[in-house]
Engineer: 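Pasting in a structure now, in C-alpha cells, and then I'll have a few things to ask.
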Amino acid sequence: MGSPTKLTAWKKLADHQQEINSVDMKSLFETDSKRAEKYTTHAAGWTLDYAKNRANEKTFSLLTDLAKEAGLETAIKGMFTGAHINNTEDRSVLHIALRASQAQESLIVDGINVLDEVRSTLKQMEKFVEQLHSGEWKGYSGKNITDVVSIGIGGSYLGPKVVAEALTPYAQEQVKVHFVANIDGSDITGKLKQMNPETTLFVVASKTFGTLETLSNANAARDWFLANGGSQETVSKHFAAVSSNVKKAVEFGMAEENIFPMWDWVGGRYSLWSAIGLPIAIAVGMDNFYALLDGAHQMDEHFRTAPFEKNLPVIMGTLGVWYINFHNAQTHALIPYDHYLRAMPAHIQQLDMESNGKANLLNGDGVETDTAPIIWGGAGTNGQHAYHQLLHQGTRLVPVDFIAPLASHNPIGDHHAQLFANCLSQSQALMVGKTLEQAQQELRDTGATAEQIDAIAPHKVIKGNRPSNTLLTDKMTPATVGALIALYEHRTFVQGTIWGINSFDQWGVELGKVLGTDIFNRLVSDSDNSGLDASTQALIEAFKKAQS
Ligand code: F6P
C-alpha cells in the first residue's frame with residue numbers, strides 16, 4: 001500500500017476536519033440525547049465510552065471508511081492466518097496464537113501447527129511453576145527457592161513486569177518475583193543485595209540471548225552466585241532461560257530442560273504471552289496465567305470478528321489517526337486510575353513507539369504523514385497534581401485514555417469512590433472547560449474587586465473541548481488485564497495498517513547499539529578518536545579522565 005493521503009476517505013476527512021473544527025463537543029451532547037449510548041461499546045470485559053471526542057456521525061463513518069480503504073480487513077485476516085505481514089523480516093506475526101491454544105486446535109503456518117508448540121511450552125511452564133511453588137525445586141544447598149529475579153530488557157522486561165505488577169492481588173506467597181533490566185550496575189547490585197544465593201533463581205529472558213544489557217546483568221548475577229557459595233555445577237539449579245538461542249543459553253550454564261523456547265513469529269514487545277511471561281506465571285500461578293491468555297484471546301476474537309463500527313481497537317485506532325493526522329496531536333496520554341496499573345504507560349510506550357515509530361511505507365517509500373505519537377502518562381490521581389495542568393490549559397492537544405476498574409481490590413473507606421470521581425471529573429473538565437464569564441463570576445463570588453477580576457479571570461479560563469476515551473471494567477483480573485493489553489496491541493496494528501507501515505520490525509534501534517559498542521571500545525582503550533565529532537571526543541575524554 002502507498003501513502004494513505006491518496007485514499008478518498010483521507011481526503012474527505014481533511015475536508016471534514018474544517019467543518020468540525022469549530023464544533024464544541026458540548027454541543028454534540030446537547031443536540032443528541034443518545035450520544036453517550038451511541039458511542040459506548042463493549043468487549044472482553046471492557047466498556048469503551050468514546051463519546052467525549054471531536055467527532056460526529058460523519059466523522060465515525062469516514063474513519064471506518066478509511067480503515068476499510070486502507071485494507072484493514074485484509075490485514076487482520078493476514079495476521080490471524082499467519083501471513084508474513086512483517087515484510088522486512090519476512091515473518092508471520094502471531095502473538096494471537098500464543099493465546100489461542102486453549103480455544104483452538106490448530107493454526108497451520110508454513111506447514112507447522114504453531115499451536116502444538118505453544119501448548120507444549122505452556123506444559124513446560126506448568127511443570128516449572130509447579131516445581132517452584134511446591135518446593136520440589138531445590139537450590140544448591142537443598143533449600144526451597146523463595147525469590148526469582150527476571151533479567152531482561154525491552155519487551156523481555158516491560159510486559160512481564162507491568163502485568164505481574166497489575167496482578168499484585170493475585171500474587172502467590174511461595175515465591176517473590178523481581179525484575180532487573182538496566183545496564184546501570186545500580187540495578188543489579190541493588191537487587192542482589194536483597195537476595196540469598198541459596199534460595200534465588202534467575203530467569204534470563206532474551207529472545208536473541210545477544211542483548212548487551214541482559215547478558216551483562218546475567219553474567220554479574222552468575223559471578224555473584226559463584227562468589228557466594230554457588231558452583232559451576234550448580235548454576236543450572238539457579239539459572240533458567242527464555243530464548244530462541246538455545247545454544248548460547250546452554251553455553252551460559254542452563255540445563256536444556258530449563259530453556260524455554262521463543263519463536264521468530266513473536267516480536268519482543270508482543271511476547272509477554274509466551275514463555276517470556278514466565279515471571280508472571282511464577283508470580284500469580286499458572287491458572288491465572290491461563291486466564292490472562294484467555295482474556296487476551298477474547299479481545300482477539302472481538303478484533304477479528306466485530307464490525308468496525310463496534311470494534312474497540314478499530315475505534316480507538318482510527319480516533320488516534322484522526323487526532324494525530326488531522327488535529328496535529330503529537331502525543332497521546334494513558335492515565336490508569338488503578339495503582340497496580342501505574343506502569344502500564346511504559347509498556348504501551350514501547351509497544352506503540354517501537355511498532356509505529358517509522359518513516360517508511362511498506363513499499364520502502366517515505367511516509368507523507370505523521371506516524372506514532374509520543375505515548376506517555378502515569379497513574380491518576382498522582383498526575384493531576386503534576387502534568388494535568390498542561391492537559392487542561394497547555395497549548396497542545398493531548399488525547400487521553402482514562403482506564404479504571406469499577407471495584408477495587410482494596411476497598412477501604414471511600415477511597416475508591418474518590419478515585420473514580422477524580423477519573424470522571426478529569427474527562428469532564430477536559431471537555432467542558434471554563435468560560436471567561438464563569439471565571440469572572442467565580443471571582444465575583446469570592447468578593448474580588450473589578451480590577452482583580454480583570455487581572456485574574458483570563459488565567460482561569462479553560463478552553464475545554466479536549467478529547468478523551470474512558471475504558472471501564474468491573475475489576476482488574478487476569479482476564480481483564482489480558483484483554484486490555486491485547487486491545488492496545490491491536491490498536492497499534494490498526495494505526496500501522498492505516499499509515500501503511502510495518503509495525504513489527506525495529507531497525508531504528510540497531511544504529512544506537514552498533515555505535516554504543518564502538519564507543520564502549522573507545523572508553524576502555526587508547527584508541528585514536530580524532531575521526532569522531534568534537535563533541536563525542538570531548539565526552540569520551542571526560543569519562544576517561546574521571547576513571548584515571
Ligand atoms: O532493542 C530493542 C529490542 O530488540 C526489543 O525489540 C526487544 O524487546 C529487546 O530489544 C530485547 O531483546 P531480547 O529479548 O532479544 O533480549
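All ligand and atom numbering here is 1-based and tracks the order in the structure. Predicted model only: the values in this text are computed from it and were never measured. Residue numbers run from 1 in the order of the sequence given.
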Engineer: F239 ring centre to R222 NZ or CZ under 6.0 Å, with the angle to the axis within 45°?
Structural biologist: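 Verdict for F239: no cation-pi partner in R222.
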Engineer: Within a distance under 4.0 Å of any heavy atom of S156, pick out the atoms of ligand 1 and give their elements.
Structural biologist: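 So the atoms of ligand 1 that pass are 13 (P), 14 (O).
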Engineer: Using heavy-atom distances only, which candidate in V242, T208, I276, L212 approaches atom 15 (O) of ligand 1 most closely?
Structural biologist: T208
Engineer: Salt bridge check: are R99 and D294 linked by an N-O gap of less than 4.0 Å?
Structural biologist: no
Engineer: Pairs of nitrogen or oxygen atoms closer than 3.5 Å, one from G155 and one from ligand 1: do any exist?
Structural biologist: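 Checking ligand 1 against G155, an N or O pair does fall under 3.5 Å apart.
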Engineer: What protein heavy atom sits nearest atom 2 (C) of ligand 1, and how far away is it?
Structural biologist: E354 OE2, 3.4 Å
Engineer: Please state which part of V509 comes within less than 4.0 Å of ligand 1, counting heavy atoms only: side chain, backbone, both or neither.
Structural biologist: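 Side chain only; the backbone of V509 stays clear of ligand 1.
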Engineer: At a 4.0 Å threshold, what atoms of ligand 1 neighbour a non-hydrogen atom of T211?
Structural biologist: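 Contacts of ligand 1 toward T211, numbered from 1: 12 (O), 13 (P), 15 (O), 16 (O).
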Engineer: Heavy atom of Q350 under 4.0 Å from ligand 1?
Structural biologist: yes
Engineer: Indicate yes or no for a side-chain donor-acceptor contact from Q350 to the backbone of G155 under 3.5 Å, with no hydrogens or angles considered.
Structural biologist: yes
Engineer: Does this structure show an ion pair linking R269 with D352, if we count only N-O contacts that are shorter than 4.0 Å?
Structural biologist: no
Engineer: With nothing but distance in play, are any N or O atoms of K207 less than 3.5 Å from an N or O of ligand 1?
Structural biologist: yes
Engineer: Using a strict cut-off of less than 4.0 Å between a Lys/Arg side-chain nitrogen and an Asp/Glu carboxylate oxygen, indicate whether E130 and K127 qualify as a salt bridge.
Structural biologist: no
Engineer: Nearest protein heavy atom to atom 9 (C) of ligand 1, by residue and atom, and its distance?
Structural biologist: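 For this ligand atom, the closest protein heavy atom is I153 O, 3.7 Å.
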Engineer: Salt-bridged, K358 to D505, with N to O below 4.0 Å?
Structural biologist: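 Looking at D505 together with K358, the answer is yes, because their closest N to O distance falls below 4.0 Å.
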Engineer: Using distance alone, decide if ligand 1 has a nitrogen or oxygen within less than 3.5 Å of any nitrogen or oxygen in Q506.
Structural biologist: no
Engineer: Report the C-alpha separation of Y290 and H297 in whole Å, then their side-chain angles, then the decisive distance to 0.1 Å, and conclude whether the ring-ring contact (aromatic ring centres under 6.0 Å, His included) test is met.
Structural biologist: CA-CA 10 Å; Y290 278 118; H297 179 67; over 10 Å; no
Engineer: Any cation-pi pair here, R91 with W265, using under 6.0 Å and within 45°?
Structural biologist: no
Engineer: For ligand 1, is K513 a contact, meaning one of its heavy atoms is under 4.0 Å away?
Structural biologist: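 Yes.
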